[in-house]
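Hydrogens, waters and symmetry mates are skipped; everything else that's a heavy atom, side chains included, is used. Every chain is numbered from 1, with letters handed out A, B, ... down the list of sequences.
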Protein chains: 2
Amino acid sequence: MIRRFLSKNKAVLGYGLSLAVLLFILKWLELRFVIYDHAMELYVGAIALMFTLLGIWLARKLTRPQKETIIVEKTVYPDSSLGFVPDETEIAHLGISKRELEVLELMAQGLSNEEIGNRLFVSLNTIKTHSSRIFEKLDVSRRTQAVEKAKRLRLIP
Amino acid sequence: MIRRFLSKNKAVLGYGLSLAVLLFILKWLELRFVIYDHAMELYVGAIALMFTLLGIWLARKLTRPQKETIIVEKTVYPDSSLGFVPDETEIAHLGISKRELEVLELMAQGLSNEEIGNRLFVSLNTIKTHSSRIFEKLDVSRRTQAVEKAKRLRLIP
DNA sequence: CGATGGGTCATACTTTAGTATGATTTTACG
DNA sequence: CGTAAAATCATACTAAAGTATGACCCATCG
């Protein structure tokens, strides 16, 4: 009970004690200097100094620090091209195979069937077959349409 | 000269003046209360109070405000289709005409040359000519490449 | 007024794309 | 192990795409 009271009012008790000590010092000073009437200025100066310091200490302890908030806006660009996540659900739903997706990506990069064939080390005819299957699955009839739709459906970046 | 000195040392002068006034008040209080020897405690209390306040005032004035930087992340969504701004500079630099840009956009939508012709009420041959000019200006040889490059250069959405 | 550039169109040709069909091989799975 | 899906390749054909060349119209500008 008492301990909790002490801990909860620690600050208040601290101030009180400090004040008591100060008053004691003052009384002692008064006794020492009261004899010499001319020491009055010194006495007052000591008091002034002590209480000024007390004031500063109080101010620092009691006033919450004056904060000056600086708000800096930092623009953040989301994914866009760095972090592309293909819509696996849609790919699976359309039944597009891994190889077909590869062909689709190279198509989107503007490569011809022959170039794609060379890139993937297969014949031109193979790419043509893949293309046709892709067009079927995407329900289009031209590569440009396929690319447009694939991008729209987020199958490729 | 004097005015500039005053303005530059305004704060210092303020503190000096305040101190002078306080000392005057102290002297005055001393003269008034020195007669009554028992008023000593009151006198000291007044001094204590004043200097405590002075201390507080000093502390508040002298402590520089603590700066706190808050970084607010502001997400910026690039174009996406809602707010697309074509790179007019690039378009002009490549010398691409208004009509050619139209054809380019329809190309990107996956339309065939014939479909583009019908859409723009011109013949297939006209679109072919436009296409060829576009490919020249973009330094490509196929429509898929043209579309890819045009999108990359932000000529079209 | 004549030169220029954009837009239009045509013919003729080459190249690439796309379709249809069939076949072989690889790979994954019950 | 056998089967289904995926991947491979070929041939033959049609349909687009792309190139080259020349021509015409029309607005604009020095």
Which whole-number value in Å describes the distance from [X] [atom1] to [N] [atom2]?
X	N	atom1	atom2	result
A:Glu100	C:dT27	CD	C1'	15 Å
A:Gln145	C:dA17	CD	C1'	13 Å
B:Lys128	C:dT14	NZ	P	13 Å
A:Leu138	C:dG18	CG	C1'	15 Å
B:Leu124	D:dT19	CG	C1'	14 Å
B:Phe121	C:dC9	CZ	C1'	17 Å
A:Asn125	C:dA17	CG	P	12 Å
A:Glu114	D:dA10	CD	P	13 Å

Legend entry - Pairwise 5' ranking along DNA chain C for A:Glu136 and B:Ser123, keeping only the more 5' one: B:Ser123
Inset, instruction - For B:Thr129 and for B:Gly95, locate the closest nucleotide of DNA chain C by heavy-atom distance; then report the residue assigned to the nucleotide nearer the 5' terminus. - result: B:Gly95
Inset, instruction - Remember a base hit wins even if backbone is also touched, and classify A:Ser141 as base, sugar-phosphate or nothing at under 4.0 Å, heavy atoms. - result: sugar-phosphate
Inset, instruction - Using a 4.0 Å heavy-atom cut-off across all strands, classify A:Thr126 as base, sugar-phosphate, or nothing. - result: base
Inset, instruction - Could you please name the option among D:dT8, C:dC9, D:dA17 that lies closest to any side-chain atom of B:Val122? - result: C:dC9
Legend entry - Nearest-neighbour nucleotide for the A:Ser132 side chain, C:dG18, D:dT8, D:dT19 considered: C:dG18
Legend entry - Salt-bridge present (A:Glu148, A:Arg152; N to O < 4.0 Å): yes
Inset, instruction - Check each of A:Met107, A:Glu100, A:Glu102 against A:His130 using the side-chain contact (heavy atoms from CB on, under 4.5 Å) test, and report the only one that passes. - result: A:Glu100
Inset, instruction - Nearest 0.5 Å please: distance from the CD1 atom of B:Ile91 over to the NZ atom of B:Lys137. - result: 11.5 Å
Legend entry - Gap separating the CD1 atom of A:Ile134 from the OG1 atom of A:Thr129, nearest 0.5 angstrom: 10.5 Å
Inset, instruction - Would you indicate whether the side-chain heavy atoms of A:Leu120 and A:Thr126 approach each other to under 4.5 Å? - result: no
Do any side-chain nitrogens or oxygens of [X] fall under 4.0 Å of OP1 or OP2 in [N]?
X	N	value
B:His130	C:dT8	yes
A:Arg133	C:dT19	no
A:Arg142	D:dA16	no

